[in-house]
Peer 1: 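Sharing a structure, written as structure tokens. Questions coming.
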Amino acid sequence: MRHIVWDWNGTLFDDLDIVLGASAAAFLGTEAEGISGHEIRAAYTRPIWVAYEKLLGRPLREGEWERMDEAFHVSYEQLLPAAPLTADALTALDHVTGAGRSQSILSMARHDQLTGLVEGFGITRYFTRVDGLVGAPGGGKAEHLVRHAAALGIAPADLTVIGDAADDALAAAHIGAQAVLYTGGMQRRTELESTGAPVVDTLLTALTLAGL
């Protein structure tokens with residue numbers, strides 16, 4: 001293993017509480033208004049609109065996904081100052097650097113928001129690339145990881161993806177990379193374990209399983 005590809009939301013960035021709050025805000029004015037954080041987390045999947053349809057109990061109507069996604073992001077931006085880095089994130093980043101390996105971020109967060117947060121936390125120096133989403137939101141990570149790995153110029157077999165969602169494991173498998181899944185994000189342990197990837201409760205343990 002030569003390189004770690006970190007996820008951001010729910011992995012390096014401890015934003016679970018504000019994601020749940022912003023998700024609840026997206027359902028205001030719908031049949032699912034007042035839905036609990038437990039229910040939102042239980043339904044979480046990618047593409048995200050599939051989770052929304054599950055929670056609504058019906059298909060999304062024309063224009064509804066765009067409206068709900070915008071409501072989510074407005075609320076998320078308002079809640080952002082309350083979210084810290086994950087407790088052992090800095091220690092984990094130092095550990096990768098100290099081991100002589102490189103690392104990057106690939107996130108489905110909006111690219112400008114992602115880069116602003118990474119710079120704001122003063123951790124840009126750790127990463128060879130920081131790639132967020134440019135384009136339509138809500139989809140899977142696999143094709144984004146294809147492009148990210150190609151830009152890194154590193155063979156997939158030399159990459160380990162560390163993230164908080166089953167989609168991270170699916171993306172890693174899509175390109176032939178290793179994945180380790182962390183329990184700090186939206187998906188529960190049972191969903192993570194169903195991928196067959198190892199599941200851990202700390203970022204440092206994830207690095208141990210990655211061979212560091």
Side-chain angles (χ1 to χ4, degrees), residues 4-28 30-60 65 68-69 71-73 75-76 79-80 82-89 92 105-109 114 117 133 137-142 144-145 160-174 177-210:
I4 299 289
V5 179
W6 294 101
D7 177 54
W8 178 249
N9 303 92
T11 305
L12 290 174
F13 187 46
D14 183 12
D15 67 344
L16 174 59
D17 288 343
I18 71 170
V19 168
L20 292 174
S23 297
F27 286 94
L28 293 175
T30 74
E31 302 94 316
E33 181 172 344
I35 198 164
S36 70
H38 175 77
E39 291 171 298
I40 292 169
R41 198 175 184 197
Y44 180 81
T45 190
R46 279 188 173 273
I48 293 172
W49 55 78
V50 174
Y52 281 19
E53 290 181 330
K54 187 185 303 184
L55 290 165
L56 289 167
R58 59 167 174 78
L60 288 166
W65 160 248
M68 294 180 74
D69 185 61
F72 171 89
H73 284 289
S75 179
Y76 185 87
L79 296 168
L80 259 182
L85 290 175
T86 298
D88 60 347
I105 295 174
L106 175 63
S107 172
M108 296 297 92
L114 171 66
L117 285 168
L133 179 66
K141 185 176 273 189
H144 299 278
L145 184 58
T160 297
V161 176
I162 300 178
D164 70 309
D167 190 51
D168 292 295
L170 294 174
H174 181 72
Q178 177 186 5
V180 181
L181 300 180
Y182 168 61
T183 58
M186 283 287 285
Q187 284 193 300
R188 298 173 298 177
R189 179 180 285 274
T190 52
E191 284 89 11
L192 301 179
E193 289 175 341
S194 71
T195 67
V199 178
V200 301
D201 296 319
T202 72
L203 301 183
L204 287 172
T205 306
L207 293 178
T208 299
L209 292 182

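These numbers come from the heavy atoms of this one structure, side chains and all, not from hydrogens, waters or symmetry mates.
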Peer 1: Would Leu203 and Trp6 count as a side-chain contact (heavy atoms from CB on, under 4.5 Å) if you check the C-alpha gap in whole Å, the side-chain angles of each, and the deciding distance to 0.1 Å?
Peer 2: CA-CA 10 Å; Leu203 301 183; Trp6 294 101; 4.1 Å; yes
Peer 1: Hey, does Leu80 have a side-chain heavy atom less than 4.5 Å from the side chain of Leu117?
Peer 2: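 In contact.
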Peer 1: Is there a donor in the side chain of Tyr76 and an acceptor in the side chain of Asp15, or the other way round, less than 3.5 Å apart?
Peer 2: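 Yes, Asp15 and Tyr76 have a side-chain donor paired with an acceptor closer than 3.5 Å.
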Peer 1: Do Leu12 and Ile162 make a side-chain contact, defined as non-hydrogen atoms from C-beta onward lying under 4.5 Å apart?
Peer 2: no
Peer 1: If you define the side chain from C-beta out and look only at heavy atoms, does anything of Thr86 sit under 4.5 Å from Thr11?
Peer 2: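 Not in contact.
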Peer 1: Quick check: does any side chain N or O of Glu53 sit under 3.5 Å from a backbone N or O of Leu60, one acting as donor and the other as acceptor?
Peer 2: yes
Peer 1: State the CG-CD distance between Asp167 and Glu191, to the nearest 0.5 angstrom.
Peer 2: 13.5 Å
Peer 1: Atom CE in Met68, atom CG in Leu28: separation rounded to 0.5 Å?
Peer 2: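 One finds 9.0 Å between CE of Met68 and CG of Leu28.
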Peer 1: In Å, rounded to the nearest 0.5 Å, how long is the span from CG of Asp164 to CG of Asn9?
Peer 2: 7.5 Å
Peer 1: Could you tell me which non-hydrogen atom of Ala24 sits nearest to which non-hydrogen atom of Ile40, and how far apart they are?
Peer 2: N-CD1, 3.8 Å
Peer 1: Any side-chain heavy-atom pair from Val19 and Tyr44 closer than 4.5 angstrom?
Peer 2: no
Peer 1: Side-chain contact test, heavy atoms from C-beta onward, threshold under 4.5 Å: evaluate it for Arg188 versus His38 and give yes or no.
Peer 2: yes
Peer 1: Ring-plane angle category for Trp49 and Trp65, please: parallel below 30°, perpendicular beyond 60°, tilted otherwise.
Peer 2: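 Rings of Trp49 and Trp65: perpendicular, over 60°.
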Peer 1: Kindly give the heavy-atom pair with the smallest separation between Ala22 and Ser75, and that separation in Å.
Peer 2: CA-OG, 3.5 Å
Peer 1: Could you go through Leu192 and Tyr182, starting from their C-alpha distance and side-chain angles, then the distance that decides it, and tell me whether this counts as side-chain contact (heavy atoms from CB on, under 4.5 Å)?
Peer 2: CA-CA 8 Å; Leu192 301 179; Tyr182 168 61; over 6 Å; no
Peer 1: Would you say Arg189 and Asp201 make side-chain contact, with heavy atoms under 4.5 Å?
Peer 2: yes
Peer 1: Nearest 0.5 Å, what's the OG1-CG distance between Thr195 and Asp168?
Peer 2: 9.5 Å
Peer 1: Let me confirm one number: the CG-OG1 distance from Asp88 to Thr202, rounded to the nearest 0.5 Å.
Peer 2: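 One finds 5.0 Å between CG of Asp88 and OG1 of Thr202.
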Peer 1: Show, in sequence, the C-alpha distance, side-chain angles and deciding distance for Met186 and Leu16, and conclude whether the side-chain contact (heavy atoms from CB on, under 4.5 Å) test is met.
Peer 2: CA-CA 6 Å; Met186 283 287 285; Leu16 174 59; 3.7 Å; yes
Peer 1: Any side-chain to backbone donor/acceptor pair from Arg41 onto Ser36? Under 3.5 Å, distance only.
Peer 2: no
Peer 1: What pair of heavy atoms forms the shortest contact from Ala71 to Ala26, and how long is it?
Peer 2: CB-CA, 4.0 Å
Peer 1: List the atom of Ile18, the atom of Ala83, and the distance in Å for their closest heavy-atom pair.
Peer 2: CD1-CB, 3.8 Å
Peer 1: Can you name the nearest heavy-atom pair linking Leu55 to Ala32, along with the distance?
Peer 2: O-CB, 3.9 Å
Peer 1: On a heavy-atom basis, which atom in Ala169 and which in Ala179 lie closest, and how many Å separate them?
Peer 2: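 So the two residues come closest at CA-CB, 3.8 Å.
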Peer 1: Could you check if a side-chain atom of Lys141 sits within less than 4.5 angstrom of a side-chain atom of Val161, using non-hydrogen atoms only?
Peer 2: no
Peer 1: Output the distance between atom CD (Gln187) and atom CG (Leu181), rounded to the nearest 0.5 Å.
Peer 2: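 Separation between the atoms: 8.5 Å.
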